[in-house]
Amino acid sequence: MSERPAPTRVVVLGGGTAGWMSAAGLAKLLGPLVTVTLVESEDIGIVGVGEATLPHIRGFVERLGIDEAEFMRATHATYKLGIDFRDFGRIGDSYVHPFGTFGEEAAGVPFHHYWLELQRRGMAEDLGHYSLAVSAALASKFRPPTADGSLTSTYGYAYQFDATLFGPFLREHATKNRGVERIEGKVVEVRQDPESGDVTTLVLESGREIAGDLFVDCSGFRSLLLGSTLGERWEDWSPWLPCDRAAALPCAHISEDFAPVTSAIAMPAGWRWRIPLQHRMGNGYVFSSQFISEDEACAVISDAVDGELLAEPRVLRFRAGRRSKSWNRNVIAVGLSSGFLEPLESTSLYLSQMAITYLIELFPVGGQIDARDRDEFNRLVDMEYDRVRDFLILHFHATERDDSEFWNHVRTMQVPDTLAEKMTLWRETGRIEKYSDGLFYDASWIAVYLGQGVWPQRHDPRTRLPAPEQIARALARLREAMIEEVAAMPGHREFLTANVQRLAAAP
Ligand SMILES: Cc1cc2nc3c(=O)[nH]c(=O)nc-3n(C[C@H](O)[C@H](O)[C@H](O)COP(=O)(O)OP(=O)(O)OC[C@H]3O[C@@H](n4cnc5c(N)ncnc54)[C@H](O)[C@@H]3O)c2cc1C
């Protein structure tokens, strides 16, 4: 029988969301193969924004063995069925990008082709009417999906939570239940092996030294290990994603009822978010400093929010891009230290989650790093970033807006070839590029293309085999079934109160 190798000493630098997700995930899923120590400095603090997530986060919370209701109560979370986009294609337009599908394919032809055929004949209702997630979101209703293959299993959900509470919740969990050691202190020196260049030790202001075999850099935008120490190159994507600031501010709810969605409302120099939490509304103006000053953006967002202001706007600065490699030598960057893509599709925590998942799958058990594993990790992380990048750029580029310099810039800019090819395929055939890894599949692309007025020149000719009336009847039946399902769902607030807040009331 082979002996278990000595545990790999993992040192996580940073106690933001990425740091605590990494520490909790590695400790739980690698168990005795690792010891995990996390260093954080309360003086430096965390970014502390990032309220909206994707459905994948549920799997992460579940794999950690955390009870959903307990987690939602602790982080003041609400449910999210998608993102409600306003004014992106044209001022006055709106559409929901749902966590779910539109209709069903029939005779091997995807639903949206039938919808396009009826649309051409003036016989279709709005595309969102054929998505249960959209229909429920617009009615401010919520119920978790089923897994029985029926209509009620055609959507997923995510959470919207208070970002300042998620890290501390994971910290409590990781230190109490998973044996993670937390060390408070500021890292002032990073020692490297003179021969290999591997990081060996972090030295704190107090003089304390923390040695490790593997270092997970979660130091945020500073990227202390991967960027500053190892000098990993930064790939700048700001020519395509020019937003580089956000002015965030919370306000009170104006109504007891709120929809289970994140709102993204286009603005003259970017867009603003509106995220309902249990106790308040999160807001922020994501803007490009090339087109509006910080002071102006703060004034605009303060005027735009609809509830009583609960704080002054807080400005955050960032840039779009990523490090060329997220894993270099024995340093793996997770979170903002590896890259950042603006929060339009709530993808940052997903990117952290995937980096942690890939690291666990390719983990150098016993401490010996295999270059093939490192390369594979970097390939997978790059793929994830590239997919998100193209999808985000689409939201800005696919517009008819010409009412501000910002929109003129993004409408007319040259986009990456990978996106240009996807858009050409769509425009010429109504088809979505197929892939089976990373984020954003057909329904997501269809929602944004059609929601922002990018119409294909043709669609699948097989949609003309059935009589149009027959297709119209099938769609009408689907619509009726959706109306019935939505009518039977509880309100979002009602469901939250019953299933999450009841824990708060428990003795
Ligand atoms: C405007 C904005 C909106 C966002 N919205 C979303 C969203 O809706 N959804 C989403 O998924 N994501 C969103 N994000 C991203 C999300 O906030 C981050 O991915 C997440 O907070 C992870 O941050 P982090 O842990 O990498 O970095 P940070 O929160 O910055 O944490 C860095 C940590 O490193 C520590 N540290 C740094 N240097 C040292 C040192 N020398 N010694 C010791 N400790 C050190 C700090 O103390 C801190 O603990 C948003 C980001 C921004 C800027």
Exam field: side chain [X] to backbone [Y], donor-acceptor pair closer than 3.5 Å:
X    : Y    : result
W407 : M267 : yes
S94  : R86  : no
S153 : S150 : yes
T53  : Y159 : yes
S288 : C243 : no
E105 : F111 : no

Atom [atom1] of [X] and atom [atom2] of [Y]: how far apart are they, to the nearest 0.5 Å?
X    : Y    : atom1 : atom2 : result
M354 : L359 : CE    : CG    : 12.0 Å
E400 : D93  : CD    : CG    : 7.5 Å
N408 : D403 : CG    : CG    : 7.5 Å
F377 : I360 : CZ    : CD1   : 10.5 Å
R280 : H76  : CZ    : NE2   : 9.5 Å
L241 : R319 : CG    : CZ    : 14.0 Å

Tell me, with the steps shown, if H97 and F391 meet ring-ring contact (aromatic ring centres under 6.0 Å, His included). CA-CA 12 Å; H97 168 198; F391 191 57; 5.6 Å; yes
With a 6.0 Å cut-off (strictly less than), is the heavy-atom count around [atom1] of [X], excluding the residue itself, greater than 12?
X    : atom1 : result
D148 : CG    : yes
R58  : CZ    : yes
E125 : CD    : yes
E62  : CD    : no
R63  : CZ    : no
R120 : CZ    : yes
K422 : NZ    : yes
E405 : CD    : no

So Y79 and M72, side-chain contact (heavy atoms from CB on, under 4.5 Å) or not? Walk me through it. CA-CA 9 Å; Y79 297 99; M72 289 187 72; 3.6 Å; yes
Can you tell if the side chain of [X] reaches within under 4.5 Å of the side chain of [Y], non-hydrogen atoms only?
X    : Y    : value
D87  : R401 : yes
Q119 : L450 : no
H409 : F396 : no
P239 : M413 : no
K80  : S346 : yes
W240 : L419 : no
R374 : K325 : no
L81  : H492 : no

Is there a side-chain contact (heavy atoms from CB on, under 4.5 Å) between I46 and W20? Walk through the geometry before answering. CA-CA 11 Å; I46 62 168; W20 283 110; over 6 Å; no
Residues D84, R274; criterion salt bridge (charged side-chain N to carboxylate O under 4.0 Å, His left out); working and verdict: CA-CA 10 Å; D84 183 1; R274 214 170 150 268; over 6 Å; no
Please test E345 against Y350 for side-chain hydrogen bond (donor to acceptor under 3.5 Å, both in side chains), starting from the C-alpha separation and ending with a verdict. CA-CA 10 Å; E345 282 282 354; Y350 165 84; over 6 Å; no
Less than 3.5 Å apart, any donor N or O on the side chain of Y385 or S326 sitting next to an acceptor on the other? no
So, for [X] and [Y], which heavy atoms are closest and what is the spacing to 0.1 Å?
X    : Y    : value
G227 : R323 : CA-NH1, 3.7 Å
P313 : A247 : CB-CB, 4.5 Å
S324 : E232 : CB-OE2, 3.2 Å
V216 : S22  : CG1-OG, 4.0 Å
Y285 : A269 : OH-N, 3.1 Å
V486 : S135 : CG2-CB, 3.8 Å

Are F169 and F161 an aromatic pair by the rule of ring centers under 6.0 Å? no
Near-ring test F85/Y95, centroid separation under 6.0 angstrom: yes
Given F258, F142, Y157, the one that forms ring-ring contact (aromatic ring centres under 6.0 Å, His included) with F495: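 Among the candidates, only F142 passes.
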Steps toward side-chain contact (heavy atoms from CB on, under 4.5 Å) verdict (T463, L116): CA-CA 9 Å; T463 54; L116 285 165; over 6 Å; no
For the pair T347 and F440, evaluate side-chain contact (heavy atoms from CB on, under 4.5 Å) and give the outcome as yes or no after the intermediate values. CA-CA 11 Å; T347 43; F440 302 126; 3.8 Å; yes
D442 and side chain to side chain donor-acceptor pair (under 3.5 Å): which single residue from K434, H112, R431 fits? K434
For Y358, run the side chain to side chain donor-acceptor pair (under 3.5 Å) check against E384, R379, Q353 and tell me which one passes.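 That would be E384; it is the only one of E384, R379, Q353 passing the side chain to side chain donor-acceptor pair (under 3.5 Å) with Y358.
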How far apart are the C-alpha atoms of R322 and D386, what are their side-chain angles, what is the distance that settles it, and do they pass the salt bridge (charged side-chain N to carboxylate O under 4.0 Å, His left out) test? CA-CA 10 Å; R322 63 143 192 250; D386 291 351; 2.8 Å; yes
Please verify the inter-ring angle class for [X] with [Y]; under 30° counts as parallel, over 60° as perpendicular, anything in between as tilted.
X    : Y    : result
F88  : H395 : perpendicular
H113 : H459 : tilted
Y435 : Y441 : tilted

Taking it one step at a time, do T262 and Q160 satisfy side-chain hydrogen bond (donor to acceptor under 3.5 Å, both in side chains)? CA-CA 8 Å; T262 291; Q160 302 165 129; 2.6 Å; yes
Salt bridge (charged side-chain N to carboxylate O under 4.0 Å, His left out) for E469 and R473? Distances and angles first, verdict last. CA-CA 6 Å; E469 292 72 23; R473 276 197 299 278; over 6 Å; no
